[in-house]
Amino acid sequence: METRPPNTNRWLLPAALLTGLFVRVVCQWQYGSSIFWGDYSVDEQLHNAWAKYIASGHLVGDAAYFRAPLYPYFLALLYAISDANMHVVFAVQHLIGLVTGWLLYRLCSEMFSETIGLIALGIYVLTPTFPYFENQLLLDFLILPFVLSGLLFLHRALLLRKRSHYVIAGIFFGLSAITRPNTLLFVCGAIAWLLVSQGRRANLRQAANNAAFYALGVASVIAPVTIRNLAVSGDFVLISSQGGLNFYLGNNDRADGISAYMPGFGASWDYSDCRAVAENAEGRVLSDSEVSGYWLWQGIRFALDQPDRYLPLMLKKFYLLFNNHDVSNNRSIPYVYNEIWVLRILPLGLWLLLPTAIVGAVAGRRNSRVVIVALFVAAYSASVVLFFVNSRFRLPVILGLIPLSAFGINAAVGLYREKFRRLLNVTGAISALISLLTLSNFYGIDFDNRGQEEYNLGNRSRIEGRFSEALERYRASAHARPDMSEVNLNIGVTFLNLGRLDSAETYFYKELTVTEDSAEAFNNLGVVAGLTGGDSLALSFVEEAVRRKPQYFDAVINYVIHARRLGRIRDALTVVDSSIRVSEPNAYLRFYRGVLLFDAGDLESAQSEFELSRGMLKHDPQPSFTSMSDIQSPRESAERRTATDAMIDYHLGTIAGRRGQLDSARVILSRALEGDSTLVEAKINLASALTLLGQFDEALRLTQEIIESGNSNALVWYLEGFCRMNLGLPGVIPALDSAITVNPEYVPALRLRQSLQK
């Protein structure tokens, strides 16, 4: 086998790297001027929010990781350095992609030959999926240099027999694991392979020592994450707690092998939904690891109880894993390729990689270096198929196929040179059949997925206030995918933004024909009914939403609003209590419970709830970053906390006033107005307290502010007259007359008016 190309080919390495650089520069330039710039998919938005949370100073957090943490921390570092300049972020990610290409060349050159290294680099540079994912806020590109570095040092350890190389290899695979834990399956496979292969050739003790040093390297990276999870949550979570849930999403009787579909909630589920189902089934509060364990067991039960459905599903996932078509997730990759020409012209994919990699694996089956790469491909492929398949999840598989493919291409060239034409023809024919298989679409899947991309762009237009454009995008999405959930829902929301209530109502009903259990559609129908003054009808719709999703915060709050208007305080308390039982600790639910107890006259219990809510607000727990409901900017979160804190002070001050604790009421109500100067009720109650305390000047100033703002009532005019009387100022009678005009039966104003007439 050739070990080094002729010197005349020295230009190939820099030429390949420069080609890779050119592709990435053009890709970022085109992406930056396209409609996709700033249009983030769901997982991208979650990574973005988590990174900003970390960059704002929350380095440790106080909850076990739901997602593997390395990429968000890496992203947070880039945000801190660049002030969240996305051009800088993606430029760095593209540079890492270029380094990945160089590492691939180094790995193949050291394992096999420089020729194979150059072939591998050429394949990498001409495959569009790598630069595409480097231009997303997704973690998968970051695994690749860790995997290649780990394989490189594992190869050196086997060659040089240095224990330090085993440790370093383990460290790199540990870094890969805390980026995406799928790598752990290969880690276990590599340990077993070391024990078996080296145990035969050397001795079992030496093999065990080598495997132990490799495992030590892996553990040295993972252990700090595990210890941190245990320290902040008291829960043993190795890296992240999403594994069991993801396993069930890919293995249930409604699973399609490519989407995160949750039975009962569809594609728009929240983690809180999944937690509520698990806790309801178990009849107790569960830790994050217990929730994960519950869903893992549900997936296993599906596999055991319904093998007639599970086995065909696994076959479909294997087929999709090695299909040349891109399996999109929350985005249409073909749609992006059509807009970014530099990606569109790159020709290579699994149509070439899979058949040539199989040739390479067969040709090098007795080569330990080929075996270790093939082991990685097999292990990582299995880890993807265990869950569900899409293009970004299989990115490390594609990378692992490249060394095997380059080895196979080199072997085929060798057959040609040595004139083994018959063997080469047979190999070529089989390879062609495999290539055609990768290009097929046996399951009739909409790989184009244009409806998803139109939906994404519609969401962006709606959020940015371009409602006409949003409607156009949503309608295009509905035309492409009539059965897609949430499209009609968001058309309705857009019409709601435009004030077109009839149209909004029509599309919310239409959403129920697509997703009959859509709690969001029922809640929004309640919003429409509430805006038209139908509190009873609104409450019935919202009640349906809460029945389907007791932990649906927006629906619970809407129920509280309409129930209070109808005087159904106890019903609202029942709904809030049910939501508290199935939701994670929530300061805002506790606040609304306090409001309802306040309305019911249970001032002592209300005060306890308000104080509990305030304590939870001060704690400011780490968002779980499990769903879109966790995405809120630090500024928005702070504003919401401040407004709620002011409302708590308003109620606590009012409670103090009703108990006759006027000085306390004055202090607390003043603090409420410092937090939110628009709280009219707080101003009125503060004016009342100041009047009772004899501080007529300050009370008069407040009543005048309220009157000028147009929010006066009989009490305000009465206080105005009363303060003027005690200060010896004119205008007492007109103020009292205004109070009586507003409410002819307002007794304090009537009595004072009569006493002044006498």
Side-chain angles (χ1 to χ4, degrees), residues 104 119-120 122-133 140 144 182 250 256-259 311-329 331-338 343-365 370 373-374 376-412 424-450:
L104 180 62
I119 295 171
I123 294 171
Y124 176 82
V125 165
L126 295 176
T127 303
T129 190
F130 297 109
Y132 168 80
F133 282 111
D140 303 88
L144 307 184
N182 297 53
D256 61 5
I258 59 177
S259 58
L311 294 176
L313 178 63
M314 292 295 288
L315 180 63
K316 179 182 180 181
K317 288 191 279 188
F318 269 112
Y319 169 78
L320 293 171
L321 180 68
F322 295 108
N323 195 283
N324 189 69
H325 295 93
D326 279 298
V327 183
S328 304
N329 177 236
R331 165 144 286 162
S332 170
I333 297 176
Y335 191 115
V336 177
Y337 283 7
N338 285 335
L343 297 178
R344 187 170 66 249
I345 66 172
L346 296 180
L348 300 189
L350 281 163
W351 68 269
L352 173 71
L353 283 174
L354 184 61
T356 53
I358 292 173
V359 171
V362 172
R365 61 190 180 278
V370 170
V373 175
F376 171 77
V377 172
Y380 206 94
S381 296
S383 77
V384 174
V385 171
L386 280 172
F387 298 90
F388 49 93
V389 178
N390 61 56
S391 288
R392 66 189 179 96
F393 292 170
R394 71 183 185 183
L395 200 62
V397 175
I398 295 174
L399 182 77
L401 288 173
I402 292 178
L404 300 178
S405 175
F407 191 90
I409 290 171
N410 192 64
L424 184 60
N425 289 338
V426 172
T427 301
I430 295 173
S431 296
L433 289 174
I434 294 172
S435 183
L436 288 173
L437 181 65
T438 70
L439 294 166
S440 64
N441 187 5
F442 289 155
Y443 293 93
I445 294 170
D446 177 20
F447 289 114
D448 184 63
N449 204 19
R450 187 181 182 91

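Nothing here was measured: the structure is a model prediction, and the numbers come from that model. Just the heavy atoms: all of them, side chains too, but no hydrogens, waters or symmetry mates, feed the values below.
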Exercise. Is there side-chain contact between L354 and F322, with at least one heavy-atom pair below 4.5 Å?
Worked result: yes
Exercise. Taking the side chain as C-beta and beyond, is there a heavy-atom pair between Y337 and T129 under 4.5 Å?
Worked result: yes
Exercise. Under 3.5 Å, is there a donor-acceptor pair between the side chain of T127 and the main chain of G349?
Worked result: no
Exercise. Taking C-beta and beyond as the side chain, do N182 and Y380 meet within less than 4.5 Å on heavy atoms?
Worked result: yes
Seminar exercise, completed: Of all heavy-atom pairs linking V327 and V389, the shortest is CG1-O, 3.5 Å
For this session: Step by step, work out the side chain to side chain contact (heavy atoms under 4.5 Å, CB included) result for I434 and S431.
Result: CA-CA 5 Å; I434 294 172; S431 296; 5.6 Å; no
For this session: Identify the heavy atoms of L104 and P403 that sit nearest to each other, and give their distance.
Result: CD1-CG, 3.8 Å
Exercise. Could you give the distance from CG (N441) to OH (Y319), rounded to the nearest 0.5 Å?
Worked result: 5.5 Å
Exercise. Between R394 and D326, is any pair of side-chain heavy atoms under 4.5 Å apart?
Worked result: yes
For this session: For this output row, return yes or no: ring centroids of F393 and F387 closer than 6.0 angstrom.
Result: no
Problem set entry | Nearest atoms (heavy-atom pairs only) where P131 meets L343 | CG-CD2, 3.7 Å
For this session: Evaluate the side chain to side chain contact (heavy atoms under 4.5 Å, CB included) criterion for residues I333 and F447: first the C-alpha distance (whole Å), next the side-chain angles of each, then the deciding distance (0.1 Å), finally the verdict.
Result: CA-CA 9 Å; I333 297 176; F447 289 114; over 6 Å; no
Problem set entry | Inter-residue atom distance L353.CG - T438.OG1, 0.5 Å rounding | 9.5 Å
For this session: Indicate yes or no: at least one non-hydrogen side-chain atom of F388 is less than 4.5 angstrom from one of L320.
Result: no
For this session: Test I119 against F407 for side chain to side chain contact (heavy atoms under 4.5 Å, CB included), laying out the working first.
Result: CA-CA 9 Å; I119 295 171; F407 191 90; over 6 Å; no
Exercise. Roughly how far, to the nearest 0.5 Å, is CG of L348 from CZ of F130?
Worked result: 10.5 Å
Exercise. In Å and rounded to the nearest 0.5 Å, what is the CG to CG distance from N323 to L439?
Worked result: 7.5 Å
Exercise. Among all residues two or more places apart in sequence or in another chain, which pass the side-chain hydrogen bond (donor to acceptor under 3.5 Å, both in side chains) test with S435?
Worked result: none
For this session: Without swapping roles, check the side chain of D448 against the backbone of Y335 for a donor-acceptor pair under 3.5 Å.
Result: no
Exercise. Quick one: does I430's side chain get under 4.5 Å of P355's, heavy atoms only?
Worked result: no
Exercise. K317 side chain to G257 main-chain N or O, any donor-acceptor pair under 3.5 Å?
Worked result: no
Exercise. How would you list all residue pairs meeting side-chain hydrogen bond (donor to acceptor under 3.5 Å, both in side chains) that involve residues 346-365, not counting sequence neighbours?
Worked result: T356-S405
For this session: Please answer whether the main-chain N or O of L350 pairs with a side-chain N or O of N324 as donor and acceptor at a distance below 3.5 Å.
Result: yes
Exercise. How long is the span from the NZ atom in K316 to the CG atom in L313, to the nearest 0.5 Å?
Worked result: 7.0 Å
For this session: Considering non-hydrogen atoms only, spot the tightest contact between L321 and S381 and give its length.
Result: CD2-CB, 3.5 Å
Exercise. Any side-chain heavy-atom pair from N338 and R450 closer than 4.5 angstrom?
Worked result: no
Exercise. Is there a side-chain contact between V377 and L401, using heavy atoms and a 4.5 Å cut-off?
Worked result: yes
For this session: Can you measure from CD1 (I258) to OG (S328) and round to the nearest 0.5 angstrom?
Result: 9.0 Å
